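Nothing here was measured: the structure is a model prediction, and the numbers come from that model. As a basis for the values below, the full set of heavy atoms in this structure was taken, side chains included, without hydrogen atoms, waters or symmetry mates. Read the numbers this way: they start at 1 and go in the same order the structure lists the ligands and their atoms. Here, residue 1 is the first one in the sequence, and each next residue gets the next number.
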Amino acid sequence: MPLLFKGVKELRNHINSIRKQEKASVGFVPTMGFLHDGHKELIRTSKLQNDLTVVSIFVNPMQFGEGEDYDRYPRDLDRDLAICEEEGVDIVFAPPVEKMYPEGFRTEVVVKGIEDILEGKFRQGHFRGVATVVLKLLNIVNPNRAYFGEKDYQQLKIIERMVTDLNLPVEVVSVPIVREEDGLAYSSRNTYLSEEERESALSIYRSFLLAQKLIKNGNLEAENIKVAIREFILSHPNVKKIDYVEITDENLNRKDIIESGDRILVAVWVGNTRLIDNWKVEV
Ligand code: PAF
């Protein structure tokens, strides 16, 4: 079993004492729990690159807006601990909310310019919550490397920016999206989908394949590709609405003409579930 810590001081003392004895490198995988194969890939990458792997499990209230799914977000610490054991995780940090946000907490981290576009437009304050908790977790764990999935591409870019801007002594390692066999990107929110909704959710991945084919055939106008993606996804039952379909360069700047390495980013409501996904374009 991995060692489980709920308190900040206890975790810090433990990691510091190991570091002193062994000069161990520490890899850190921050999560909100309900671990799936996407998280396993982050853990496996960390284990390959570090002596010690720490996983945090914390459903961060600060990154959920009013009316979002904070209360119903899936939580199962025993299940997560069993997965961490299987994967050979050394330490799990699962603090209660009051340890992360004690009475009087007032600070917010804002990564200007990229926190209010795309996801940020539809989930106001979301990335302030993410950046703040990630900075806190990095300060608590003090890892050599921290692992983030490309599934949350905008989150990854915001964290990279924050780490550079604030001179944080950590290497951010990005890990490609892990998909189920039929193409659905792993997400803890997939558990909300009924069988029929899950079928409709596959339209997201399939729209990327369609877009990729159009692009390979020489259709490089971003506007045309976005229209094709929208029409394809919306033609499926249970798809309630699309928040956005956007094509950007790797730094989230909007593109008119598509080039290799650009990203297609989407947010789609299937039933009452909001799914995000993205795709790296090859021309
Ligand atoms: O990607 C997530 O699961 C969360 O946004 C993170 C990075 C753990 C911060 O709460």
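Checked by distance only, ligand 1 and Thr31 stay at 3.5 Å or farther apart across all their nitrogen or oxygen atoms.
If you number the atoms of ligand 1 from 1 as listed, the ones under 4.0 Å from a heavy atom of Val133 come out as 9 (C), 10 (O).
Here the heavy atom of the protein found nearest to atom 9 (C) of ligand 1 is Gln63 OE1, 3.3 Å. Of the protein's non-hydrogen atoms, the one nearest atom 5 (O) of ligand 1 is Gln155 OE1, 2.7 Å.
With no hydrogens or angles considered, no side-chain donor-acceptor pair links Glu41 and Tyr186 at under 3.5 Å. Checked by atom type, the side-chain pair Asn190/Arg198 shows no donor-acceptor distance below 3.5 Å.
Listed by chain and number, the residues in a side-chain hydrogen bond (donor to acceptor under 3.5 Å, both in side chains) with Gln155 amount to none (sequence neighbours excluded).
Screening residues 219-234 for side-chain hydrogen bond (donor to acceptor under 3.5 Å, both in side chains) gives Lys226-Glu246 as the qualifying pairs, with residues at least two apart or on separate chains.
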